[in-house]
K.L.:
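After the structure tokens below, expect a handful of questions from me.
These numbers come from the heavy atoms of this one structure, side chains and all, not from hydrogens, waters or symmetry mates. Source: prediction; values computed, not measured. Just so you know, ligand 1 is whichever comes first in the structure, and atom 1 is the first atom listed for that ligand.
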Amino acid sequence: MTLGIKIAIDGPAAAGKSTIAKITAEILGYTYIDTGAMYRALTHKALVRNINTNDGKELEALLEDTKIVLKPSASGQAVIVDGEDVTEDIRSQLVTANVSSVATHMGVRQLMVDKQRHLAEGAGVVMDGRDIGTAVLPDAELKIFMTASVEERAMRRHIEDEKRGFTTSLERLKTEIAERDRADSEREVSPLRQAEDAVLIDTTAMTIADVAEKISALAEKRMKL
Ligand code: DC
């Protein structure tokens, strides 16, 4: 029996990575791992404890003392930190505004990468984030770099927020997304960039079903190689 391949999906904020990764994992019967949720989980815990998100050493110590569990759930993936369900809390505006800063620290990233590699061991996985194809799983059999225009990404996030009962201004979302793109691409450690062997998919004019189908077809091909 084959254990399955590793699929890395990277790209800028709100490009639809999580939605697509979840669906692809379901189609293939693979484990889905949302690495952004792990950085968000640490950011949330740091904010609750009043820890400065610019202090890498403090954050590293905090992460060493934190248990993050990603559990499949009806709505996709539940995030449990030290036994507490923080799935909703980690999507707050405050966490979103601070997570890029937490993700810049080398020590934090090293610990996260260790945890992520461990989670990916021994089974078929679809992992999404910013540095999966370049740093976490450089040997992934399939790498996707997913992008979409800032306008389209802001609109998708706006609709998603409305469904969850939040009203967010489209202009503000555009500014926030562009700022997060900048911070994630310009940081020194593992910046967001397309791996040389990644397949670029611009989802601006594609439906979710089209993208999931395209990735599943690419995965089927890689499995046969
Ligand atoms: O995908 P997301 O919006 O939930 O990610 C939140 C932040 O975490 C993102 O702005 C950058 C950071 N991140 C990262 O640096 N590396 C990853 N593999 C995943 C996320």
K.L.:
Go through T203 and R156 one step at a time and tell me if the side-chain hydrogen bond (donor to acceptor under 3.5 Å, both in side chains) criterion holds.
P.N.:
CA-CA 11 Å; T203 70; R156 289 180 192 166; 3.1 Å; yes
K.L.:
Of the protein's non-hydrogen atoms, which lies at the shortest distance from atom 4 (O) of ligand 1, and what is that distance?
P.N.:
R40 NE, 2.7 Å
K.L.:
Polar contacts were defined as any N/O atom of the residue lying under 3.5 Å from an N/O atom of the ligand; does this apply to R130 and ligand 1?
P.N.:
yes
K.L.:
Kindly give the heavy-atom pair with the smallest separation between A120 and L137, and that separation in Å.
P.N.:
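Nearest pair, atom of A120 first, then L137: CB-CD2, 4.0 Å.
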K.L.:
Could you list the atoms of ligand 1 found under 4.0 angstrom from a heavy atom of V99?
P.N.:
6 (C), 7 (C), 8 (O)
K.L.:
Considering only protein heavy atoms, which is closest to atom 12 (C) of ligand 1, and at what distance to one decimal place?
P.N.:
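I find the closest protein heavy atom is A103 CB, 3.8 Å.
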K.L.:
What do you reckon, does D34 have a nitrogen or oxygen under 3.5 Å from a nitrogen or oxygen of ligand 1?
P.N.:
no
K.L.:
In the protein, which heavy atom is nearest to atom 19 (C) of ligand 1, and how far is it?
P.N.:
T35 OG1, 3.3 Å
K.L.:
Nearest to atom 6 (C) of ligand 1, what protein heavy atom do you find, and at what distance?
P.N.:
R180 NH1, 3.5 Å
K.L.:
Return the closest protein heavy atom for atom 20 (C) of ligand 1 as residue, atom name and distance.
P.N.:
G36 CA, 3.6 Å
K.L.:
Can a donor-acceptor pair be found, under 3.5 Å and without considering hydrogens, that links the side chain of E160 to the backbone of R164?
P.N.:
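Answer holds: no.
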K.L.:
Can you report which non-hydrogen protein atom sits closest to atom 18 (N) of ligand 1, along with the distance?
P.N.:
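The answer is D131 OD1, 2.8 Å.
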K.L.:
Which heavy atom in A37 sits nearest to a heavy atom in R91, and how many Å separate them?
P.N.:
CB-NH2, 3.8 Å
K.L.:
Give a yes/no verdict on whether any heavy atom in A13 is under 4.0 Å from an atom of ligand 1.
P.N.:
no
K.L.:
Using the rule side-chain hydrogen bond (donor to acceptor under 3.5 Å, both in side chains), only one of D65, D82, D89 pairs with K45; which is it?
P.N.:
D82
K.L.:
Is K143 reaching over with its side chain to a backbone N or O of G133, donor-acceptor style, under 3.5 angstrom?
P.N.:
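Such a contact is found between K143 side chain and G133 backbone.
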K.L.:
Give a yes/no on ligand 1: does R91 have at least one heavy atom closer than 4.0 angstrom to it?
P.N.:
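R91: in contact with ligand 1 (<4.0 Å).
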K.L.:
Going through the distances and angles, do D128 and S18 end up as a side-chain hydrogen bond (donor to acceptor under 3.5 Å, both in side chains)?
P.N.:
CA-CA 7 Å; D128 80 338; S18 307; 3.1 Å; yes
K.L.:
Against heavy atoms of S100, which atoms of ligand 1 measure under 4.0 Å?
P.N.:
10 (O)
K.L.:
Taking it one step at a time, do T96 and R180 satisfy side-chain hydrogen bond (donor to acceptor under 3.5 Å, both in side chains)?
P.N.:
CA-CA 9 Å; T96 302; R180 219 140 56 88; 5.5 Å; no
K.L.:
Should R187 be listed as contacting ligand 1, given a heavy-atom distance under 4.0 Å as the test?
P.N.:
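Yes; R187 lies near enough to ligand 1 that a heavy-atom distance drops under 4.0 Å.
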K.L.:
Before signing off on this row, confirm whether R109 and ligand 1 have an N or O atom pair separated by under 3.5 Å.
P.N.:
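Such a contact does occur with ligand 1.
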K.L.:
Is the backbone of E58 close enough, under 3.5 Å, to the side chain of D55 for a donor and an acceptor to pair up by distance?
P.N.:
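The answer is yes, because a donor-acceptor pair under 3.5 Å joins these two groups.
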